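Input: a single structure, listed below in structure tokens.
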Amino acid sequence: MHFYDRVYETTMRIPCGRVTTYGAIADFLALGSARMVGWALNQSHQSGLEIPAHRVVNRKGELSGRHHFPGENVMQERLEAEGIVVVDNKVKDFEKLLWIPADHLL
DNA sequence: GTCTTGACTTCGG
DNA sequence: GCCGAAGCCAAGA
């Protein structure tokens, strides 16, 4: 069990239409650094698993990882398909849509 | 073994 | 608010 396995599970727990941040996941899993989350998600595509990585954005709500998707606009399209509005490469009402793993953990 | 590179974040200016 | 530097830790060279 590597830390990125927990990153995958946490990412898949993000509800439809919600987003979270690398820092929130890193803090929830006590990874020590948010870069590990991005690195783990970067490896996710080669793990064979389908991770909704489009729901993970940086602390500003920007789609910083869209360049790592098959298409440059795939990330935004997937978010919009879930009802999330993306403006200027950022999630609209980001603070409202932000989903914190620990907050939903009972 | 060291050094560089990140889908990041925080702090100082 | 933005910009630069530092901290962070795993992987690959």
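By convention in this document, chain letters (A, B, ...) are assigned in the order of the sequence lines, proteins followed by strands, and residues within each chain are numbered from 1. These figures come from a predicted structure and were not determined experimentally. The analysis underlying the following values was restricted to heavy atoms, covering all of them including side chains, and did not include hydrogens, waters or symmetry mates.
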| query | Which residue pairs pass the side-chain hydrogen bond (donor to acceptor under 3.5 Å, both in side chains) test when at least one of the two sits in residues 82-106 of chain A, sequence neighbours left out? | reply | A/His54-A/Glu82, A/Arg55-A/Glu82, A/Arg66-A/Asn89
| field | For A/Phe28, ring pair (Phe, Tyr, Trp, His ring centres under 6.0 Å) partners two or more places apart | value | none
| field | Side chains of A/Leu31 and A/Val7 in contact at under 4.5 Å (non-hydrogen atoms) | value | yes
| So which residues get pulled into A/Val74's cluster when ILVMFWY side chains under 4.5 Å apart are joined, directly or through others? | A/Val19, A/Val57, A/Leu63, A/Phe69, A/Met75, A/Leu79, A/Ile84, A/Val86, A/Val91, A/Phe94, A/Leu97, A/Leu98, A/Ile100
| message | Can you tell me which residue among A/Thr11, A/Thr10, A/Ile14 is in a side chain to side chain contact (heavy atoms under 4.5 Å, CB included) with A/Thr20? | response | A/Ile14
| Pair listing, salt bridge (Lys or Arg N to Asp or Glu O under 4.0 Å) test, anchored in residues 13-27 of chain A, at least two apart | none
| Partners of A/Asn42 by side-chain contact (heavy atoms from CB on, under 4.5 Å), sequence neighbours excluded? | A/His45, A/His68
| query | Can you list the residues that meet the side-chain hydrogen bond (donor to acceptor under 3.5 Å, both in side chains) rule with A/Glu50, with sequence neighbours excluded? | reply | none
| request: For DNA chain B, find the residues of residues 89-104 of chain A with a heavy-atom distance under 4.0 Å and give them by number; none if there aren't any. | output: none
| request: Scan for ring-ring contact (aromatic ring centres under 6.0 Å, His included) pairs involving residues 4-27 of chain A, sequence neighbours excluded, and state none if there are none. | output: A/His2-A/Tyr4, A/Tyr4-A/Trp39
| query | Using a cut-off of 4.0 Å between protein heavy atoms and nucleotide atoms, how would you tag nucleotides 7-12 of chain C 5' to 3' with B, S and -? | reply | BBBSS-
| said: Expected output is a numbered-order residue list: members of residues 49-75 of chain A with a heavy atom under 4.0 Å from any atom of DNA chain B. What is it? | reply: A/Ala53, A/Asn58, A/Arg59, A/Ser64, A/Gly65, A/His68, A/Phe69
| request: Go through the structure and list residues passing salt bridge (Lys or Arg N to Asp or Glu O under 4.0 Å) with A/Glu62, not counting sequence neighbours. | output: A/Lys60
